[in-house]
Amino acid sequence: DILVPTCDRVSALAVTLTGLASQTLRSFRVVVSDQGERHDVADSREVETVARLLRLHGHDVAIVKHLPRRGMAEQREFLLEGARAPYSLFLDDDVLLEPGVIERMLRAIEEERCGFVGCALIGLSYLNDVRPDEQQIELWEGPVRPERVVPGSPEWKRHRLHNAANLYHVQQRMGASAERQRKYHVAWVGGCVLYDTAALRDCGGFAFWHELPREHCGEDVLAQLRVMARYGGCGLIPSGAYHLELPTTIPDRRTDAPRVLACS
């Protein structure tokens, strides 16, 4: 299942879905949860055209209106409650995937039998912004194992690798390719994360939304930290996931879920 939360980003969603239409994985279901208050994405000709193409390729596509808005954690929990497949890819509505990314993620999570595998987002506008002090990477040399990462811990600094185009620079330096992909230690991964559905549910999913105000951020981080502590998780390099670099739809970021709620 590919689960896409969206809110008033019609054009970006069309780009994201177009990336799904080029995937090499033969069978998947797409569920879009639309919380737009200005537009219904189902009425967009761009979105509907790509949805028809996905269906033409044999994929189920459902676009569901989900209001009122109760915050991103509730939006993700709504999508998780409807998931039917053993694996659930949470994909943000501003991400463009290269062909083959989802198949590579599926292969990695089946190899490791861990809680999640993520492809961090690369900002292509930063290709000429090289940041050597943010490009440290810790590769998994053995099987992916559970890790406990909390805000402020030494492991928390791993998130810097996912800034700007750092991951792109590292994968170029390593010579990483789809045929020679590697797994690495993460603090968390934003925007494109494939979960073992049962593992995510076992760790509570996003049901903690009841404990947060409507305006919050970091709900994806908190869920990953909990899954990683029990089942392990990793990043995948090369990534093949690109950020559209749009302004955030959550400008009020004062309530950061992993800092106000326990991570495990």
Side-chain angles (χ1 to χ4, degrees), residues 1-4 15-30 50 53-54 57-59 85-131 134-145 158-159 161-197 224 228 232-245:
D1 285 341
I2 300 175
L3 309 176
V4 185
V15 172
T16 298
L17 295 179
T18 300
L20 297 182
S22 69
Q23 292 303 303
T24 55
L25 191 66
R26 296 181 61 184
S27 178
F28 55 79
R29 181 175 71 117
V30 180
V50 185
L53 179 60
L54 284 163
H57 289 178
H59 307 298
Y87 299 104
S88 297
L89 174 64
F90 275 87
L91 184 67
D92 285 359
D93 64 356
D94 58 350
V95 179
L96 179 60
L97 298 182
E98 290 183 346
V101 170
I102 299 177
E103 188 170 9
R104 290 196 292 111
M105 296 179 80
L106 182 60
R107 183 170 76 244
I109 201 169
E110 288 179 337
E111 288 172 351
E112 298 298 335
R113 298 185 181 277
C114 57
F116 70 82
V117 170
C119 283
L121 308 186
I122 295 169
L124 291 176
S125 69
Y126 295 91
L127 287 182
N128 295 321
D129 181 1
V130 181
R131 308 177 182 185
E134 295 185 351
Q135 294 182 6
Q136 291 76 30
I137 187 169
E138 303 170 60
L139 297 174
W140 280 99
E141 300 297 348
V144 173
R145 299 299 187 199
R158 296 171 182 167
H159 76 85
L161 177 63
H162 297 163
N163 291 342
N166 290 332
L167 195 61
Y168 177 82
H169 297 141
V170 172
Q171 67 192 37
Q172 291 297 103
R173 187 170 68 241
M174 288 175 53
S177 65
E179 296 73 28
R180 299 168 53 194
Q181 66 182 12
R182 299 291 302 274
K183 296 118 182 174
Y184 64 95
H185 295 258
V186 298
W188 74 86
V189 182
C192 180
V193 182
L194 179 66
Y195 292 92
D196 179 304
T197 307
Q224 286 175 55
M228 187 159 51
C234 66
L236 205 58
I237 186 169
S239 167
Y242 301 95
H243 193 213
L244 299 186
E245 302 184 53

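One-based numbering along the sequence shown.
Considering every non-hydrogen atom in both Pro238 and Ala178, the closest pair reads CG-N, 3.9 Å. Of all heavy-atom pairs spanning Cys114 and Gly232, the tightest one is CB-O, 3.6 Å. Looking at every heavy atom in both residues, Ala187 comes nearest to His159 through CB-N, 4.0 Å. Taking each heavy atom of Ala108 and Lys183 in turn, the nearest pair found is CB-CE, 3.9 Å. The minimum heavy-atom distance between Val186 and Cys234, with the atom names listed, is CG1-C, 4.1 Å. Annotation for Leu121 and Cys192: closest pair CD2-CB, 4.2 Å, computed over non-hydrogen atoms.
Separating the OG1 atom in Thr18 from the CG atom in Leu97 is a distance of 11.0 Å, to the nearest 0.5 Å. Interatomic distance, Arg182 CZ to Gln171 CD, rounded to the nearest 0.5 Å: 13.5 Å. Atom CD1 of Ile2 sits about 3.5 Å away from atom CD1 of Ile102, to the nearest 0.5 Å. Atom CG of Leu3 sits about 7.5 Å away from atom CG of Leu89, to the nearest 0.5 Å. Of the inter-residue distances, the one linking Leu161 atom CG with Ile237 atom CD1 reads 7.0 Å to the nearest 0.5 angstrom. Distance check, rounded to the nearest 0.5 Å: CG of Leu194 to CG of Leu106 gives 6.5 Å.
The ring pair (Phe, Tyr, Trp, His ring centres under 6.0 Å) search around Phe28 returns His59, not counting sequence neighbours. Among residues two or more places apart in sequence or in another chain, the side chain to side chain donor-acceptor pair (under 3.5 Å) test is passed with Asp93 by Thr6, Arg9. With sequence neighbours left out, the side chain to side chain contact (heavy atoms under 4.5 Å, CB included) criterion links Leu244 to Ala12, Val15, Asp94, Leu96, Leu246. Under the side chain to side chain contact (heavy atoms under 4.5 Å, CB included) criterion, Thr197 pairs with Leu80, Ala83, Ser88, Arg201, not counting sequence neighbours. Applying the side chain to side chain donor-acceptor pair (under 3.5 Å) test to Gln172 and every residue at least two apart in sequence or in another chain returns nothing. Listed by chain and number, the residues in a side chain to side chain contact (heavy atoms under 4.5 Å, CB included) with Glu98 are Val101, Tyr242 (sequence neighbours excluded). Arg173 meets the side chain to side chain contact (heavy atoms under 4.5 Å, CB included) test with Gln135, Val170; sequence neighbours excluded. Here Tyr87 pairs with nothing under the ring pair (Phe, Tyr, Trp, His ring centres under 6.0 Å) rule; sequence neighbours left out. Qualifying ring pair (Phe, Tyr, Trp, His ring centres under 6.0 Å) partners for His185, counting only residues two or more places apart in sequence or in other chains: Trp140. Not counting sequence neighbours, Arg180 has no partner by the side chain to side chain donor-acceptor pair (under 3.5 Å) test. For the side chain to side chain donor-acceptor pair (under 3.5 Å) test, residues two or more places apart in sequence or in another chain that qualify with Glu138 are Arg158.
Looking only at distances, a side-chain donor or acceptor of Thr16 sits under 3.5 Å from a matching main-chain atom of Val95. Side chain of Gln181 to backbone of Leu236: no donor-acceptor contact under 3.5 angstrom is found. Judged by distance alone, with hydrogens and angles left aside, the side-chain atoms of His162 form a donor-acceptor pair with the main-chain N or O of Trp188 at under 3.5 Å.
Within the structure, every pair that satisfies the side-chain hydrogen bond (donor to acceptor under 3.5 Å, both in side chains) test and touches residues 115-128, not counting sequence neighbours, is listed here: Ser125-Glu245.
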Next item on the list: Walk me through it: do Gln224 and Val189 pass the test side chain to side chain contact (heavy atoms under 4.5 Å, CB included)?
Entry: CA-CA 8 Å; Gln224 286 175 55; Val189 182; 3.9 Å; yes
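In Arg113, the CZ atom is not crowded: 12 or fewer heavy atoms of neighbouring residues, nucleotides or ligands sit closer than 6.0 Å.
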